[in-house]
Every structure is written in structure tokens, then in C-alpha cells.
Amino acid sequence: MFQLIIELHKNNHRQGPWSKESTTKAFDSIPINKWQNLKIADIGCGTGSQTIDLAQHTNYEIIAVDLFDEFLSELRKNAKDLGLESRIKTVKTSMDDLPFEKEYFDIVWSEWAIYNMGFEKGLQYRKNFLKPKWYIALSEISWITETRPKEIQEYRNVEYPEIDTIQNKIKTLEANGYKLISHFVLPYSDWLENYYEALENRFEKFLEKNASYGAEKIVEAERQEINLYKKYKEYYSYGFYIAQKI
Ligand code: SAH
């Protein structure tokens with residue numbers, strides 16, 4: 001099942017809602033000189049097109065981490081094609097078992113990935129690898145209204161029980177030793193045009209190649225997620241949170 005999910009997602013530009021504008025907007029809100037020689041980690045990088053956006057936007061050395069080599073090899077290939085292989089290193093490991101020295105990184109990046117560890121646990125663990133006073137930038141699914149219809153509340157709670165309002169996400173950040181610098185929510189186009197449309201366009205070929213009950217179930221679940229997003233998109237989004245370790 002895992003292999004099928006990887007196959008469906010690995011040829012997608014990104015593995016979650018995205019835009020280059022959102023990545024650079026988050027990056028540009030970090031109050032630092034961007035052209036210093038610094039170290040950045042991209043945790044749960046997937047095929048890493050945001051890793052490449054970051055590398056092209058800075059002089060950084062970026063260490064990109066993911067659990068699946070299928071994703072990392074795609075990133076290595078793309079980085080090489082762009083001549084960025086000396087500044088992007090990949091490490092295949094779990095995000096809760098990072099092989100780095102404490103306080104090694106200036107910036108820890110993580111788009112649409114911290115949920116794999118849980119938001120609070122993920123914040124606490126990532127903090128170990130950040131230098132004091134340096135920055136974390138991450139996106140996390142968040143309610144953007146105080147109340148919402150039961151159907152989406154129940155669906156999203158089952159998918160990810162830690163889903164919460166933006167204000168509560170900020171409180172969690174602050175309760176775990178970070179100071180919020182800025183935040184914003186991803187626009188509809190990051191979800192619909194950039195992510196879901198690209199994913200939907202792959203369903204037919206994916207099902208042709210993998211005629212199985214498992215593949216059908218995966219597509220059915222993706223379609224359900226997409227339909228619910230279209231119906232309830234004013235109630236939730238990905239919040240991008242940029243914070244400083246204190
Ligand atoms: N950051 C990318 C990918 C997001 S999808 C983007 O924004 O497009 C979430 C990623 O987390 C996937 O690539 C998945 O393989 C990775 N992942 C899931 N569990 C993980 C774990 N325990 N350790 C490291 N990476 C993990």
C-alpha cells in the first residue's frame with residue numbers, strides 16, 4: 001500500500017499544497033541576511049521542489065531528510081540537473097531519529113510534514129537541532145474559523161486529531177519555547193491548481209498501471225479528500241508558521 005502511495009505521489013511536483021510564492025513568502029519573513037553562509041534542514045522534504053526553491057533563494061547548505069529514498073532520489077536528480085548538488089544533501093531517516101548534532105542548524109524547514117510526528121512532539125524534537133535564537137518555518141493543517149460543519153470536523157479529526165485553530169497552534173508554539181515571527185494561510189490556488197489538479201490528472205494512468213483493489217481504495221480516499229476540500233475550503237487550510245527558538 002505504501003509503495004502505491006509513493007508511486008502516486010512521487011511524480012507530482014510536490015506532495016502537498018504548495019506554491020513557490022508561499023515558500024519564498026515564508027522565507028522572506030525570517031528577519032536575517034539571506035546571503036550568509038548558513039545551514040538549513042528540510043525535514044520531510046518529499047521530492048523537494050521547495051528544497052530547490054530555497055537553495056536558489058540563498059547560499060545555504062541544505063540537508064533534506066525524508067523516510068523514502070524514492071522521493072530523495074528524485075530530489076537528487078533534480079538538484080543535479082540544476083547544478084545544486086553541492087549545496088543539497090539528502091539523508092534517508094525518520095524525522096524522529098535525526099542523526100545531527102544538537103544546535104547544528106540555523107533554520108529548520110518543514111512543509112506539510114510535521115504532522116507525521118505530531119505538531120507538539122515535532123516542535124519539541126526539532127528545537128534540539130536549532131541554534132538558540134534561530135528559526136523554524138513549518139506548515140500545519142489548521143482551522144481558520146472558530147466553528148465549522150460537523151462533516152468536515154469529524155473527517156479532519158479522524159485524519160489528524162491534532163488539527164486546531166490558528167490561535168491554538170500559535171499557543172502551542174509559544175508553550176514549547178518558540179516566539180512567533182509571522183504566519184499566513186496557504187491560498188486556495190496552492191491546494192486546487194497546484195496540488196489537487198495535478199494529483200487528479202494522475203489518477204487514470206495510476207489506475208491503468210495498478211489495477212488492484214488497493215489502488216482503487218487510494219484513489220477513492222484522495223477523491224474524498226479533494227471533494228471535502230472543495231466543499232469546506234473556507235474552514236481550513238495549511239497555516240505557515242515562522243518562529244524563533246527562544
Ligand atoms: N515537504 C514536502 C513533502 C510533504 S509530504 C512538500 O511540501 O511537498 C510529507 C513527507 O513526509 C513525505 O515526503 C513523506 O515521505 C515524509 N515522511 C512521512 N513520515 C516521515 C518520517 N517519519 N520521517 C521522515 N519523513 C517522513
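These numbers come from the heavy atoms of this one structure, side chains and all, not from hydrogens, waters or symmetry mates. Just follow the structure's listing: the first ligand is 1, and inside any ligand the first atom is 1.
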Please assess Phe184 against Phe240 for the test ring-ring contact (aromatic ring centres under 6.0 Å, His included), listing each intermediate value before the final yes or no.
CA-CA 5 Å; Phe184 60 91; Phe240 221 128; 5.4 Å; yes

Compile the donor-acceptor pairs under 3.5 Å between side chains in residues 94-104 and protein atoms, sequence neighbours left out, one pair per line.
| unit_1 | atom_1 | unit_2 | atom_2 | d |
| --- | --- | --- | --- | --- |
| Ser94 | OG | Asp96 | OD1 | 2.7 |

Amino acids in close contact with ligand 1, where any non-hydrogen atom sits under 4.0 angstrom away
Arg14, Gln15, Gly16, Gly44, Cys45, Gly46, Gln50, Asp66, Leu67, Phe68, Phe71, Thr93, Ser94, Met95, Glu111, Trp112, Asn116

If you measure only the distance, is there a donor-acceptor pair under 3.5 Å linking the side chains of Thr47 and Gln15?
yes

Who pairs with Trp109 by side-chain hydrogen bond (donor to acceptor under 3.5 Å, both in side chains), at least two apart in sequence or on another chain?
Glu111

Which residues share a ring-ring contact (aromatic ring centres under 6.0 Å, His included) with Tyr232, sequence neighbours left out:
none

Would a line drawn from the ring center of Phe27 to the ring center of Tyr60 be shorter than 6.0 Å?
yes

